[in-house]
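The basis for the numbers below is simple: all heavy atoms, side chains too, and nothing from hydrogens, waters or symmetry mates. What you see is a predicted model, and the numbers here were worked out from it, not measured in a lab.
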Amino acid sequence: MQQLLNVWMALDVKRQITVVAATVAVFLAVLAMSRIASAPSMTLLYAGLENGAAGEVVRSLEQRGVPFDVRGGSIFVDAQDRDELRMTLASEGLPANSSRGYELLDTLSGFGTTSQMFDAAYWRAKEGELARTIVSSPNISNARVHIASTGSNPFQRSVTPTASVAVTPNGAGLSAQQAKSIRFLVASAVAGLSPDDVAVIDSNGTLIGAADEAAPASGADDKAQMLRERVERLLEARVGHGNAIVEVSVDTVTESEEIRERRFDPAGRVVISTDTEERTSNSNEAGNGDVTVASNLPDGEAGGSDSASSQNSETRERINYEVSETERAITRSAGAIKRLTVAVLVNEAVVETEGSEASQPRPDAEIDALRELVASAVGFDESRGDVITIKSMALQSVVPAGTEAQSSLLDSVNLDIMSAIQMAVLAVVALVLGLFVVRPVLSRPPESAQPTISLPPAAPDAATPASLSGEIASASDEFPDIPMMGGSDETLPALSFGDMSGGSAAVSDDPVDRLRAMIGDRQEETVEILRSWLEESEERA
């Protein structure tokens, strides 16, 4: 410590300031490197959130004690905790969609609210409710709904409402079927709105599910894909993954047919009603005799009296029968399978022969067994004209396109390139300051520690080097620079006892002897020094 203090006190003010500045710079560089090394690597958690949703996320992070950084409208967290935080916040419904729904109508009062204000708040609330419903889907992260209503003007009969939906999908984009569902959802919520008048736009500005897009795959393609996957899954269990190629062609009925049939069975009669009617009648007739004079007399007897009687009985029965009738309606819609064709290519079997591997076609018994399995899987019907073809051939190896993903040791190390570059720059700065600034300043000997030579004033006649006598103030090997005569700023090179090794005089341990030997070797320089001293002494006199 005392040596450091002596070195410090021996430095002038300029060098002291340089040492202090360099030391502070090195300290700051080391402090910055340690801060960068200990600071977590911050990565983006969420960006583009509205103020309410961002505040809820920040509040949740503060409650968990998670370090975070807010930069503008973005929230940054530690890269190692980002995925876990996203899943945890998503389970809590964060970040929530900030669209407000029907609660907007709760703030309206009957005083000071006009019909236009109420209509505007109503449509705004409906848009918010629709946006909430759309965002509830796991495939959509954000949604905005805009409805152009016709208003309450009864004279605008030809104006129909329209709507537009801007969605931000999660990961993959939305399909045409998903966009169609959104259009029907919005159209069903707004009276008089047609699904064709609803536009769905994604975050890239692409119109999804437009009318001019290609129609979805037909039913035949869907059935062929389903059967292909079924057969491949069945064959790969036997021959291995990638050793079977399956192609399925399905011919379907494209026209629809409706058949109505009505049949009557005369042998099958059913009595539905029976009506029986019976009639009975009796009649009596009296007969008259001949007309005479006696029959006209009051007391006369009639001429003759004949009488007749009759009785009639009738029974009638009516039976109603219903003939058996069968009515059948058959409707055959399009899409029924008319013919099925399956082609299967199976890779040859690999066998080991004499330590080497060779491929050979699969036996016929195995091919027949595979054909039976395929026939059962696809619903083979020979009467329909179905065909199944299975061949065993060698498959050519195909080089996969792209770059194969490989793992390395750096994958397990969470290395931030920018932080490493910053640390490297700070380390270079600290090294340069330490080696080229502090070390040279501290290693340079102080001026107060350099030896000085004090000689008495010489006589005017002192021209002989032997008459010089001096006094060695220091036993150091180096002498300071000696100023030139006339007070010039130029100095002579420092006198060093080590330079006398090549002189004529023998080197002695006595400093005076060494000084005399040096004067003898450098007579011209000594004369110049003495002349300068003499001139200075004359000027003083």
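- Considering every non-hydrogen atom in both Asp386 and Gly379, the closest pair reads OD2-O, 3.9 Å.
- By the 4.5 Å heavy-atom criterion applied to side chains, Val378 and Ile388 are counted as neighbours.
- How far CG of Leu89 is from CD1 of Ile75: 9.0 Å, rounded to the nearest 0.5 Å.
- Atom-to-atom distance recorded for His241:NE2 and Glu236:CD is 5.5 Å, nearest 0.5 angstrom.
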Go through it in stages, so that I can follow the logic: the residues are Leu185 and Val165, the test is side-chain contact (heavy atoms from CB on, under 4.5 Å), and I'd like the CA-CA distance, side-chain angles, deciding distance and then a yes or no.
CA-CA 11 Å; Leu185 172 66; Val165 182; over 6 Å; no

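- Taking 4.5 Å as the limit, some side-chain heavy atom of Ile245 sits within range of a side-chain heavy atom of Leu395.
- Within the structure, the salt bridge (Lys or Arg N to Asp or Glu O under 4.0 Å) test picks out the following pairs touching residues 237-246 (sequence neighbours left out): Arg238-Glu366.
- The shortest non-hydrogen separation linking Pro161 to Ala191 is CG-O, 3.9 Å.
- Considering all non-hydrogen atoms of both residues, Ala143 and Ala131 come closest at O-CB, 3.6 Å.
- Pro169 and Ser203 make their closest contact through CD-OG, 4.1 Å (heavy atoms, listed as atom of the first residue, atom of the second, distance).
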side-chain contact (heavy atoms from CB on, under 4.5 Å) between Leu370 and Leu235, worked out:
CA-CA 8 Å; Leu370 294 178; Leu235 294 178; 3.8 Å; yes

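- Atom CZ of residue Arg384 and atom CD1 of residue Ile337 lie 5.5 Å apart, to the nearest 0.5 angstrom.
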Walk me through it: do Val66 and Leu85 pass the test side-chain contact (heavy atoms from CB on, under 4.5 Å)?
CA-CA 9 Å; Val66 177; Leu85 288 174; 3.7 Å; yes

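- Electrostatic pairing of Glu56 and Arg59 does not count as a salt bridge here, judged by no charged N lying under 4.0 Å from a carboxylate O.
- Glu382 CD: 12 or fewer foreign heavy atoms inside a 6.0 Å radius.
- At least one donor-acceptor pair under 3.5 Å links the side chain of Ser136 to the backbone N or O of Thr133.
- For Asp251 (side chain) and Lys338 (main-chain N/O), no donor-acceptor pair under 3.5 Å exists by modelled atom type.
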Should Leu227 and Val342 be marked as a side-chain contact (heavy atoms from CB on, under 4.5 Å) after you check the CA-CA gap, both sets of side-chain angles, and the distance that decides it?
CA-CA 9 Å; Leu227 295 176; Val342 181; over 6 Å; no

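- Judged purely by atom type and a 3.5 angstrom limit, Asn204 has no side-chain atom pairing as donor or acceptor with the backbone of Thr206.
- Screening Arg86, Glu84, Arg82 for a side chain to side chain contact (heavy atoms under 4.5 Å, CB included) involving Val77 leaves a single residue, Arg82.
- Side chains of Val387 and Arg339 form a contact here, defined as non-hydrogen atoms less than 4.5 Å apart.
- Once rounded to the nearest 0.5 Å, the distance linking CD1 of Ile330 with CD1 of Ile259 reads 5.0 Å.
- Side-chain N or O atoms of Glu258 include none that pairs as donor or acceptor with a backbone N or O of Ala329 at under 3.5 Å.
- At a cut-off of 3.5 Å, with distance as the only test, a side-chain donor of Ser60 or Arg64 sits close to an acceptor on the other residue.
- Taken from OG1 in Thr43 to CZ in Phe76, the straight-line distance is 7.5 Å, to the nearest 0.5 Å.
- Across Asn347 and Ala394, no two heavy atoms sit closer than the pair OD1-CA, 3.5 Å.
- What you find for Val346 and Val344 is that their closest heavy atoms are CG2-CG1, 3.7 Å.
- With rounding to the nearest 0.5 Å, the separation of OG in Ser392 from CG in Leu345 is 8.0 Å.
- Using a 4.5 Å heavy-atom cutoff, the side chains of Val198 and Val190 are not in contact.
- Residues passing the side chain to side chain donor-acceptor pair (under 3.5 Å) test with Thr88: none are found, sequence neighbours excluded.
- The closest side-chain heavy-atom distance from Ile367 to Arg371 is below 4.5 Å.
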